[in-house]
Amino acid sequence: MSPSQTRTAPATALAVEYRQPTADDGMRLWEIASDSKVLDVNSSYAYVLWCHDFANTSIIAEVDGHPVGFVTGYRRQTDPSTIMVWQVAVDDNYRGHGIAGTMLHRLLERTQRSGVVAMHTTISPDNGASQRLFESVADARGLRFERRDLFAAEQFPDAHEPEDLYILEPTVSEF
């Protein structure tokens, strides 16, 4: 992931609805990811499959019935109390309205009902915007925010940046 542009605060409120994706949303998610020019774009099939198989751990933002943003995620096999966020994207025309942060908050709220207490994601070192986004979600929810090394650039077959693991989880109080 690469940094996105910083925008000024919106002058008017935007009517955004948030919901689980369906397989029919896969094409639009692929378009948003592709148009972002910063995300690693997966095959169109991957987005359709993701919307089908991981709808419970993903979310769509839509304006006037048209998807304008998404978060894809899954529960970690080794720790089902953790949701791993794969991608966050908002259509360029709708950035600066707080949609990405709201999607992350809503996704956490929905998945907490099924036992999720933590959120993980990977972010490349040069993506300050995503780092700030996840840090702001952690701060707003009173979660610990931590960065750890995860995947080195040498592990990728192409010119991919390293991917650091970011952890948002409840603080453990010591007695």
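It should be emphasised that the depicted structure is a prediction, and the values quoted were computed from it without experimental measurement. We count residues from 1, following the sequence as given.
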A23: what forms a side chain to side chain contact (heavy atoms under 4.5 Å, CB included) with it, not counting sequence neighbours?
V48, H52
Assigning hydrophobic clusters by single linkage (Ile, Leu, Val, Met, Phe, Trp, Tyr; side-chain heavy-atom cutoff under 4.5 Å), is F134 placed with L150?
no
Excluding sequence neighbours, so at least two apart, what forms side chain to side chain donor-acceptor pair (under 3.5 Å) with R106?
none
Using the side chain to side chain donor-acceptor pair (under 3.5 Å) criterion, which residues pair with R75? Sequence neighbours excluded.
S114
Rounded to the nearest 0.5 Å, how far apart are CD of E31 and CG of D25?
11.0 Å
From CA spacing to verdict: side-chain hydrogen bond (donor to acceptor under 3.5 Å, both in side chains), Y47, Q87
CA-CA 11 Å; Y47 290 96; Q87 288 187 318; 2.8 Å; yes
Please examine the side chains of V71 and V85, heavy atoms only from C-beta on, and report whether any two atoms are closer than 4.5 Å.
yes
Please test E161 against S124 for side-chain hydrogen bond (donor to acceptor under 3.5 Å, both in side chains), starting from the C-alpha separation and ending with a verdict.
CA-CA 6 Å; E161 291 288 317; S124 59; 5.7 Å; no
With sequence neighbours left out, what residues match S34 under side chain to side chain contact (heavy atoms under 4.5 Å, CB included)?
W30, V41
Just to verify, what does R113 make a side chain to side chain donor-acceptor pair (under 3.5 Å) with, not counting sequence neighbours?
none
Measuring only between side-chain heavy atoms, which start at C-beta, is W86 closer than 4.5 Å to N42?
yes
What pairs with F151 under ring-ring contact (aromatic ring centres under 6.0 Å, His included), at least two apart in sequence or on another chain?
none
List, one per line, each side-chain donor-acceptor pair under 3.5 Å for residues 58-67, sequence neighbours excluded.
unit_1 : atom_1 : unit_2 : atom_2 : d
S58    : OG     : W50    : NE1    : 3.0
S58    : OG     : F54    : O      : 3.0
S58    : OG     : G73    : N      : 3.3
E62    : OE1    : R19    : NE     : 3.0
E62    : OE1    : R19    : NH2    : 3.1
E62    : OE2    : R19    : NE     : 3.4
H66    : NE2    : R28    : NE     : 3.3

Could you give me the CA-CA distance, side-chain angles and deciding distance for D79 and H120, then say whether side-chain hydrogen bond (donor to acceptor under 3.5 Å, both in side chains) is met?
CA-CA 11 Å; D79 181 5; H120 291 180; 5.9 Å; no
Is any side-chain heavy atom of V88 closer than 4.5 Å to a side-chain heavy atom of T121?
no
Hydrophobic cluster identity match, L165 and F145, side-chain contacts under 4.5 Å
no
Identify, with sequence neighbours excluded, every residue that meets ring-ring contact (aromatic ring centres under 6.0 Å, His included) alongside Y74.
none
Basic-acidic side-chain contact under 4.0 Å: R141, D139:
no
Excluding Y45, membership of its hydrophobic cluster (Ile, Leu, Val, Met, Phe, Trp, Tyr; side-chain heavy atoms within less than 4.5 Å) reads L49
I want to check something: taking the side chain as every heavy atom from C-beta on, are I99 and Y18 in contact at a cut-off of under 4.5 Å?
yes
Among residues at least two apart in sequence or on other chains, which ones pass side chain to side chain contact (heavy atoms under 4.5 Å, CB included) with A152?
E154, Q155
By side chain to side chain contact (heavy atoms under 4.5 Å, CB included), P170 pairs with (sequence neighbours left out) V117, L143
Rounded to the nearest 0.5 Å, what's the gap from CG on D40 to CG on D158? Could you check?
7.5 Å
Sorted by chain and number, sequence neighbours left out, side chain to side chain donor-acceptor pair (under 3.5 Å) with N56 holds for Q20
Tell me, do L108 and H105 make a side-chain contact under 4.5 Å, heavy atoms counted?
no
